[in-house]
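Chain naming here is simple, since letters A, B, ... match the order of the sequence lines and numbering starts at 1 in each. These numbers come from the heavy atoms of this one structure, side chains and all, not from hydrogens, waters or symmetry mates.
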There are 2 protein chains.
Amino acid sequence: MDRDKKISTAVIRRLPKYYRYLKELLRKGIYKTSSKELSQMTGFSASQIRQDLNNFGGFGQQGFGYDVYNLSSEIGKIIGADKNYKIIIVGAGNIGQAIANYTGFYENGYDVVAIFDKNPKLIGLSLRNVTIQDIDEIDTFLSQNYVDLGVICTPKNAAQTTADSMVQNGIKGIWNFAPTDIRVPDDVALENVHLNESLFSLTYYYNKNTTKAD
Amino acid sequence: MDRDKKISTAVIRRLPKYYRYLKELLRKGIYKTSSKELSQMTGFSASQIRQDLNNFGGFGQQGFGYDVYNLSSEIGKIIGADKNYKIIIVGAGNIGQAIANYTGFYENGYDVVAIFDKNPKLIGLSLRNVTIQDIDEIDTFLSQNYVDLGVICTPKNAAQTTADSMVQNGIKGIWNFAPTDIRVPDDVALENVHLNESLFSLTYYYNKNTTKAD
DNA sequence: TAGATTGTTAATCGATTAACAATC
DNA sequence: TAGATTGTTAATCGATTAACAATC
């Protein structure tokens with residue numbers, strides 16, 4: 001397999017879904033599956049599933065199918081689900097708190113090691129045993145503690161400076177919930193969750209379905 | 001323009017971003033723009049922007065560009081940003097609370113008219129003046145109140161029954177935050193926000209950048 | 001072995017980019 | 001008018017689907 005083959009983001013976005021269904025099969029005690037079965041579960045075509053998986057190697061066995069445990073383990077490695085991550089959250093408003101309190105995080109190897117905010121009313125409070133610190137402490141904290149990922153839950157006007165601060169302190173992955181586009185160097189992974197845009201996409205289809213064509 | 005021309009979801013997902021930047025231009029008092037300028041702001045190619053917009057009509061003027069107010073208003077109509085929506089939230093845990101408390105909602109014409117949960121500790125509490133009701137009341141409530149959109153913030157095992165209940169009571173748009181796939185009829189708009197999958201996508205690129213190639 | 005299902009190449013489809021005539 | 005920029009067609013690129021030889 002060509003190490004440097006360019007994998008499209010469309011492929012990458014399907015992998016977590018495969019992973020989710022494979023984990024579900026394991027929970028049900030099912031240890032064998034096929035691209036056809038995965039197709040029925042995920043809604044993606046069997047052909048596409050085989051193409052996707054073969055970007056990363058031949059995980060199946062001709063004539064047989066896929067070993068669920070093996071395949072989920074391989075996909076887990078690809079998407080990084082096999083690792084633990086130290087995370088900081090900047091912005092302890094609605095979304096920041098929701099992220100900090102989300103237990104799925106802890107179960108999946110994500111460890112929130114610090115939370116920052118600039119609101120004095122929030123500083124000093126704790127979410128899941130992590131005390132909210134003054135945002136002014138972020139540089140000091142990051143210079144003393146290794147952190148994998150930063151989550152931006154600030155208002156949009158603070159998003160870019162927050163990102164800059166993370167980048168300057170060596171963070172290489174940013175999950176951005178602020179409703180704005182931020183700029184980061186090429187070697188920093190960035191994933192945006194733009195809820196506003198998601199909602200407008202919903203209302204587009206909602207109106208398309210409900211508005212009478214005259 | 002062909003009324004029934006199929007517009008790809010890729011196009012639809014770009015529209016809110018155009019809308020966001022156009023609103024920003026208006027705030028800055030800029031009333032004229034071009035596909036070239038929009039390209040610099042959004043990162044999409046000028047050609048693509050013109051193609052996208054011309055799916056819905058000729059909003060520009062040859063030799064001149066686009067009137068910002070007019071274009072934002074037209075895009076707003078397309079994505080439904082010009083309307084108000086009555087919303088219910090089911091599940092008042094971390095995410096449900098964050099959504100309910102999100103003020104951007106109210107500013108943009110979204111009105112949370114009811115919140116439901118099954119946890120007795122939450123029932124009776126209020127978020128932004130909306131009292132959390134027992135989930136068992138949902139059918140009664142929906143039979144008596146018109147609601148546009150339903151937001152699912154339940155654990156995954158309750159997501160499908162929640163969706164079914166919304167659909168049976170005539171809700172035509174669902175915003176799903178539960179980490180599972182739900183099935184709805186074709187005439188119901190569905191938008192999934194799968195944070196787990198978003199996070200795995202981030203860790204994929206994070207590991208790709210940070211893991212040394214040997 | 002025969003049947004099943006992968007891995008992979010080839011064909012198709014759709015989306016993006018390029019080019020340019022229209023026109024303000 | 002000349003310059004600028006759209007709207008739109010054509011060309012290119014990439015992603016998905018189809019097909020099938022390999023093989024368990």
Side-chain angles (χ1 to χ4, degrees), chain A residues 1-18 21-22 25 30-75 78 201 204, chain B residues 1-18 21-22 25 30-75 78 201 204:
Chain A
M1 171 188 48
D2 182 352
R3 267 196 98 83
D4 291 330
K5 180 162 43 170
K6 174 81 182 126
I7 312 285
S8 77
T9 62
V11 174
I12 301 309
R13 294 192 175 281
R14 285 192 290 269
L15 295 179
K17 195 160 170 178
Y18 300 143
Y21 280 103
L22 290 164
L25 289 177
I30 297 169
Y31 296 104
K32 178 208 170 288
T33 190
S34 66
S35 58
K36 192 178 166 192
E37 244 178 34
L38 286 167
S39 169
Q40 284 155 356
M41 290 187 281
T42 61
F44 306 136
S45 77
S47 187
Q48 182 169 62
I49 291 170
R50 293 201 301 279
Q51 287 275 21
D52 283 355
L53 298 179
N54 280 86
N55 281 309
F56 303 97
F59 301 132
Q61 205 170 20
Q62 281 164 323
F64 174 81
Y66 299 92
D67 178 89
V68 176
Y69 180 83
N70 178 251
L71 185 58
S72 83
S73 148
E74 291 291 346
I75 295 181
I78 294 164
S201 173
Y204 168 80
Chain B
M1 171 188 49
D2 182 352
R3 267 196 99 82
D4 292 330
K5 180 164 41 173
K6 175 81 182 127
I7 312 285
S8 78
T9 62
V11 174
I12 301 308
R13 292 191 177 282
R14 285 192 291 269
L15 296 180
K17 196 160 169 177
Y18 300 142
Y21 279 103
L22 288 165
L25 288 177
I30 297 169
Y31 296 103
K32 178 207 169 288
T33 191
S34 66
S35 58
K36 191 178 166 192
E37 244 178 34
L38 286 168
S39 168
Q40 284 155 357
M41 291 186 282
T42 60
F44 305 136
S45 77
S47 187
Q48 182 170 61
I49 291 169
R50 293 202 301 279
Q51 287 275 21
D52 282 356
L53 298 179
N54 279 88
N55 281 308
F56 303 98
F59 301 133
Q61 204 170 20
Q62 282 166 323
F64 174 80
Y66 299 91
D67 177 89
V68 176
Y69 180 82
N70 178 251
L71 185 58
S72 83
S73 148
E74 291 291 345
I75 295 181
I78 294 163
S201 173
Y204 168 81

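As rounded to whole Å, 16 Å separates atom P of C/dC24 from atom NZ of B/Lys32. In this structure, B/Lys36 atom NZ and C/dT17 atom P are separated by 17 Å, rounded to whole Å. Atom pair A/Asn54:CG and D/dA15:C1' shows a separation of 16 Å (rounding to whole Å applied). Note: CG (B/Asn55) to C1' (C/dT16) measures 12 Å, nearest angstrom. Per the geometry, CD belonging to B/Gln40 stands 14 Å off C1' belonging to D/dT5, to the nearest Å. In this structure, the CG atom of A/Asp52 is 13 Å from the C1' atom of C/dG7, given to the nearest Å. Computed from coordinates, the B/Gln48 CD to D/dT12 P distance equals 19 Å when rounded to whole Å.
Taking only side-chain nitrogens and oxygens, A/Ser45 comes nearer than 4.0 Å to OP1 or OP2 of D/dT17. Contact annotation: A/Arg14 reaches the phosphate of D/dT16 (side-chain N/O to OP1 or OP2, under 4.0 Å). In this structure, A/Arg50 does not reach the C/dG7 phosphate: none of its side-chain N or O atoms is under 4.0 Å from OP1 or OP2. Considering only side-chain N and O atoms, B/Ser47 lies nowhere under 4.0 angstrom from the phosphate OP1 or OP2 of C/dA18.
Helical stems in DNA chain D, defined as runs of 3 or more consecutive Watson-Crick or G-U wobble pairs with donor-acceptor distances under 3.5 Å: C:3-24 with D:3-24.
Residues B/Ser8 and B/Val11 form a side-chain contact, since some pair of their non-hydrogen atoms from C-beta on lies under 4.5 Å apart. Side chains of B/Leu22 and B/Leu38 form a contact here, defined as non-hydrogen atoms less than 4.5 Å apart. In this structure the side chain of A/Tyr204 never reaches within 4.5 angstrom of the side chain of B/Arg13, judged on heavy atoms.
In this structure, A/Ser35 and A/Ile49 approach most closely via the heavy-atom pair O-CD1, 3.8 Å. Minimum interatomic distance between A/Ile12 and A/Pro16 (heavy atoms only, all atoms of both residues): O-CD, 3.0 Å. Nearest approach of B/Phe59 to B/Asn70, heavy atoms of both residues: O-OD1, 4.0 Å.
To the nearest 0.5 angstrom, A/Arg14 atom CZ is 10.0 Å from A/Leu53 atom CG. Within the model, atoms CZ of A/Phe56 and CG of A/Leu15 stand 5.0 Å from one another, a figure rounded to the nearest 0.5 Å.
Applying the ring pair (Phe, Tyr, Trp, His ring centres under 6.0 Å) criterion to A/Tyr18, with sequence neighbours excluded, gives A/Phe44.
The stretch residues 59-74 of chain B touches DNA chain D through B/Phe59, B/Gly60, B/Gln61, B/Gln62, B/Gly63, B/Phe64, B/Gly65, B/Tyr66, each having a heavy atom under 4.0 angstrom from the strand.
With hydrogens and angles ignored, a donor-acceptor pair closer than 3.5 Å exists between the side chain of B/Gln51 and the base of D/dT9.
When the nucleotides C/dT9, C/dT6, D/dA10 are ranked by their closest atom to the side chain of A/Ser34, C/dT6 comes out on top.
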